[in-house]
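What follows is one structure encoded as structure tokens, with my remarks underneath.
The chains referred to below are lettered A, B, ... by the order of the sequence lines, with proteins before strands, and numbering in each begins at 1.
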Protein chains: 2
Amino acid sequence: MKSAKNRDGQIAATVTRISTAGLRVTGARQSIIEILIDAKTPLSVDELEAKSSGRFDLVTVYRTMEVFVDKGIVDRILLEDGKSLFALADAHEHSHHIICRECHKTERIEFCMGGELERYASSRGFSNLSHTIEVFGVCVSCKKSAKAELCE
Amino acid sequence: MKSAKNRDGQIAATVTRISTAGLRVTGARQSIIEILIDAKTPLSVDELEAKSSGRFDLVTVYRTMEVFVDKGIVDRILLEDGKSLFALADAHEHSHHIICRECHKTERIEFCMGGELERYASSRGFSNLSHTIEVFGVCVSCKKSAKAELCE
DNA sequence: TTTCCTGCAAAATGTTTGCAAGGCA
DNA sequence: TGCCTTGCAAACATTTTGCAGGAAA
């Protein structure tokens, strides 16, 4: 079963990253990781808590996400309204996303022109740079269901 | 006095846009516009309220920003932490920004590769697209004062 | 054993809503 | 005049903090 193997591998890899970062591998953190992996789409703090079945508290989610983002273990994805979603970070690649406004299904964007942007910013005297690039839209399946609803 | 003329012109133009959008030109709205023009840097809702000298309420700022963003009269700039700032929108140009993390001084980025991004998203089946691109850094003067502080 | 994490409760923030009064067109 | 806006108060939602008990290393 390839996918299960991948899942286990992903869990193991992330556990390693947690402990390498000098953090403790606790039950709550493992559960959060599993939920993130299984969701296959970025989740908000309360979605995470909702899927916890009482295994951890909302406060723990806030605190965990803060540390994980800080250590680069998860990515924070900022929605247009300022809310954020979290997804397991790719171990090595810096990337951006296309996010469905309805279901939050997310695809990585392979190319990143952040370098150009930062070079430009640098030439304007800015230092300590970072950037955010996100594309929002409606994915195929959400579009279909919206259409179906209209035609009912 | 060229700059004063520009200021008046900018006010007048924005007032026109408000009324063209079918909105009423009220005292609160005019004050908000003037504050935004004079600030020369994007402001948060509470910064706006703080500069109001009691001419309008915080709630009015929220409601006004909502309508103005909706009508394209102001731009919402999302910070890395999910908070937002508001700036008068350029009447015609779509653009992005370099924002100083410390003082929020902002420069427009002339080029926008949103087209490419959206074309790619479109090829992946997404519709109804939009995008956010922002670059964050520390501007020259904030960097200087940080250094000065260190060397005190 | 020591230090880090967690849950609970509560505080602090930030944002939205309802409603009556007032202002713009 | 009629409808849009506003302010105030209060409801709501979201995020942060303090602290004591429990768990990882």
Q: Could you verify whether a donor N or O on one side chain and an acceptor N or O on the other, from B:Ser130 and A:Glu80, lie under 3.5 Å apart?
A: yes
Answer yes or no: is there a donor N or O on one side and an acceptor on the other, between the side chain of [X] and the main chain of [Y], under 3.5 Å?
{"X": "A:His104", "Y": "A:Pro42", "value": "no"}
{"X": "A:Ser52", "Y": "A:Leu48", "value": "no"}
{"X": "B:Thr64", "Y": "B:Thr60", "value": "yes"}

Rounded to whole Å, please give me the gap between [atom1] in [X] and [atom2] in [N].
{"X": "A:Phe86", "N": "D:dT14", "atom1": "CZ", "atom2": "P", "value": "14 Å"}
{"X": "B:Arg55", "N": "C:dG22", "atom1": "CZ", "atom2": "C1'", "value": "19 Å"}
{"X": "B:Glu66", "N": "D:dC4", "atom1": "CD", "atom2": "P", "value": "16 Å"}
{"X": "B:Phe56", "N": "C:dG22", "atom1": "CZ", "atom2": "C1'", "value": "18 Å"}
{"X": "B:Glu49", "N": "C:dG14", "atom1": "CD", "atom2": "P", "value": "13 Å"}
{"X": "A:Arg76", "N": "D:dT15", "atom1": "CZ", "atom2": "C1'", "value": "11 Å"}
{"X": "B:Leu58", "N": "C:dT15", "atom1": "CG", "atom2": "C1'", "value": "9 Å"}
{"X": "B:Asp57", "N": "C:dG22", "atom1": "CG", "atom2": "P", "value": "16 Å"}

Checking contacts here: which listed nucleotide ([options]) is nearest the side-chain heavy atoms of [X]?
{"X": "A:Thr64", "options": "C:dT15, D:dT6, C:dT6", "value": "C:dT6"}
{"X": "B:Val59", "options": "C:dT16, D:dT15, C:dC5", "value": "C:dT16"}
{"X": "B:Leu23", "options": "D:dT5, C:dA9, C:dT16", "value": "D:dT5"}
{"X": "B:Arg63", "options": "D:dT15, C:dT17, C:dC5", "value": "C:dT17"}
{"X": "A:Val45", "options": "D:dT15, C:dT6, C:dC8", "value": "D:dT15"}

Q. Does B:Thr60 place a side-chain N or O at less than 4.0 Å from the phosphate oxygens OP1/OP2 of D:dT5?
A. no
(Q) Strictly below 4.0 Å: does B:Tyr62 bring a side-chain N or O up to OP1 or OP2 of C:dT16? (A) no
**Q.** Stepwise side-chain hydrogen bond (donor to acceptor under 3.5 Å, both in side chains) check, B:His131 with B:Glu118
**A.** CA-CA 8 Å; B:His131 63 273; B:Glu118 297 200 356; 2.8 Å; yes
Q | Electrostatic pair B:Asp38:B:Lys51 at N-O distance under 4.0 angstrom | A | no
Q.
Any donor-acceptor pair, under 3.5 Å, between the side chain of A:Arg29 and the base of C:dC5, if you only look at N and O atoms?
A. no
(Q) Distance criterion of 3.5 Å, no angle test: do you see the side chain of A:Arg24 paired donor-to-acceptor with the base of C:dT3? (A) yes
Q.
Taking the axis from the first five pairs and the axis from the last five, what angle separates them in the helix from C:dT1-D:dA25 to C:dA25-D:dT1, rounded to 10 degrees?
A. 50°
Q.
For a quick test of reading the model, state the closest non-hydrogen atom pair linking B:Arg76 to B:Ser84 and the distance between them.
A. NH1-OG, 3.2 Å
